[in-house]
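Throughout, a chain's letter reflects where its sequence line sits, starting with A, and its residues are numbered from 1. The structure presented is a predicted model; accordingly, all values stated were derived computationally and were not measured.
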Protein chains: 2
Amino acid sequence: MTTANQREELTIPDLEPPRLDNGSSISQQIYDYLSSNVIEGKLLPRTALSENKLCEFFSVSRQPVREALLRLSAAGLVAVYSQRGSFVRPISLSGLKRAQLIRESVEIELLRLAITHRTPEFVAKLRAELSLQKTYQEHLQIEQFYHSDENFHRIISDQSGVSGVFDALKDIKLNLDRVRHLELVTHESIGILIEQHESIFKAIRDGDRRRAERAMRNHLRRVLSELDSIVAAAPEFFEKEP
Amino acid sequence: MTTANQREELTIPDLEPPRLDNGSSISQQIYDYLSSNVIEGKLLPRTALSENKLCEFFSVSRQPVREALLRLSAAGLVAVYSQRGSFVRPISLSGLKRAQLIRESVEIELLRLAITHRTPEFVAKLRAELSLQKTYQEHLQIEQFYHSDENFHRIISDQSGVSGVFDALKDIKLNLDRVRHLELVTHESIGILIEQHESIFKAIRDGDRRRAERAMRNHLRRVLSELDSIVAAAPEFFEKEP
DNA sequence: CTTGACATACTTGTATGGTAGAGGCCATCA
DNA sequence: TGATGGCCTCTACCATACAAGTATGTCAAG
């Protein structure tokens, strides 16, 4: 059969997650597990996520599994087709453009506000996060660097005076995050990202809004400018669209 | 008992929605019904939405009701407390500031793009929508005006060249939409809104980006500038926070 | 009158059973 | 050989039942 099999086999990476009863519900834990695996690229697009198979895998009933899948569907990470199956969604290129526009617009605005509200403590926090990133770079700790990168942007957002904006964009950023993971894994771009962070940092420290804005925009757009090469390196992660 | 009863009675406004089997699933229909009723202010904040009561009301089982409630919870319209109950969430003032910042940042950027990509058809569409709004004003058709208002902004967004951005912000705008409904119901502000739309329209037509941007920002910020009087007129819709 | 314990009637969370529809497989037939 | 129709499996979806935690009403003791 030359017809491309739409549904790949279900192969969940590792063993089951620790069944910690720490307050959060089972469906929440399943959601966290699946979403982080999709974002980190461990669950490949077009992988079938059958409710029954997932029940066995997690040793729970279908109910919490189903709820987790529905949430993943709402977040755009999973496509649920009635009476056919649920599958990990490939990354949509048009969706990336959407997310990029939103993130860029908002983060630039947050940056402007953060600079007008900037304090010595704020600058110190950024400096500390930057030095952390350099440590992670030396030890090639990719996942840690990724989270520190997140933190860097979150610190700026929190300084804007409007709380929670960064978290409010979490769902929208999901597909961008998937690409950023691909970039970190397949390319050796940590050095460049740190340089860009430093440019942003210096501009903030100097209170130079225009320079900071330019540096941030340049930094955020890197994902899209590198997109072609990322798609070429890992085409199985992306939608096939004209 | 002088202690304020946290949970109000469940009083769902009208009769049940038509059980149309038109493709969409039951849980989807329940979600649509509840969300629109919350947004339009027909379901008051702090109303208890018991799964069992909703089952009776819709004559379905708990499963689809529960899924709808979970989606509403993710959207921020409903709070689900384990083993305690589910309640319509009051509008959070800090959440409004968040949503406003995001909406403003993105829509201003979309407006810039729309102006650079503007075409005669685009201008014509805006003009047509404006004339529709004046008709609705004359006949005091509030709900229709609300949707035409939505449309006006959607037309601008679609002209940006990046598709689907407006819809991507739907969840974030939800609480803003609730306030806009309150404003339309309790105030006589349609005339002012139309004037603002006209200012935006003229600036777009003339290709004057700075003027359009100013007009749009002024228009979008109206919600916040009127917020105090809206809260005073309908305090039961808002969170009590310092 | 206040206060504490206990029974009860709620709530959401989880588990399991049943149903209709979509797609693959294979035998049957032109 | 190629096409077609029926069967069969798998899916998500809905209904029902059970479990566990919370608020409340009652009642007795201080």
Spacing between [X] atom [atom1] and [N] atom [atom2], to the nearest angstrom:
| X | N | atom1 | atom2 | value |
| --- | --- | --- | --- | --- |
| B:Y81 | D:dA23 | OH | P | 12 Å |
| A:L54 | C:dA15 | CG | P | 14 Å |
| B:I30 | D:dC13 | CD1 | C1' | 13 Å |
| B:F58 | D:dC14 | CZ | C1' | 16 Å |
| B:E56 | D:dA15 | CD | P | 14 Å |
| A:F87 | D:dT11 | CZ | C1' | 9 Å |
| A:R66 | D:dC14 | CZ | C1' | 8 Å |

Select one nucleotide: of [options], the one nearest the side-chain heavy atoms of [X].
| X | options | answer |
| --- | --- | --- |
| B:I26 | D:dA20, C:dT14, D:dC14 | D:dC14 |
| B:S50 | D:dA12, C:dT11, C:dA15 | C:dT11 |
| A:K53 | D:dA12, D:dA15, D:dT11 | D:dT11 |
| B:Q83 | D:dT11, D:dG21, D:dT16 | D:dG21 |
| A:S82 | D:dT11, D:dC14, D:dC13 | D:dC13 |

> Closer to the 5' end of DNA chain C via nearest nucleotide, is it A:E67 or B:N52?
Replying inline: B:N52
>> On DNA chain C, compare the nucleotides closest to B:Q63 and B:E51; which residue's is nearer the 5' end?
In response: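 Comparing both residues, the 5'-ward one is B:E51.
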> Is the A:F87 ring parallel, tilted or perpendicular to the A:Y81 ring (thresholds 30°, 60°)?
Replying inline: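 The arrangement is tilted - the two ring planes meet at 30° to 60°.
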> Taking the inter-plane angle between the rings of B:F57 and B:Y33 on a 0 to 90° scale, is it parallel (under 30°), tilted (30 to 60°) or perpendicular (over 60°)?
Replying inline: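 Tilted.
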> Any salt bridge between B:R66 and A:E67, counting N to O under 4.0 Å?
Replying inline: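 Yes.
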> So does A:R180 pair up with A:E150, basic N to acidic O under 4.0 Å?
Replying inline: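 So A:R180 pairs with A:E150 through a salt bridge.
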>> Quick check on DNA chain D: between A:L69 and B:R62, whose nearest nucleotide comes earlier from the 5' end?
In response: A:L69
Phosphate oxygens OP1/OP2 of [N]: is one of them under 4.0 Å from a side-chain N or O of [X]?
| X | N | answer |
| --- | --- | --- |
| A:S61 | C:dT14 | no |
| B:S86 | C:dT12 | yes |
| B:R84 | D:dA23 | yes |

>> Please tell me whether A:D32 and A:Q28 have a donor and an acceptor in their side chains that are separated by less than 3.5 angstrom.
In response: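 Judged by distance alone, the side chains do pair up.
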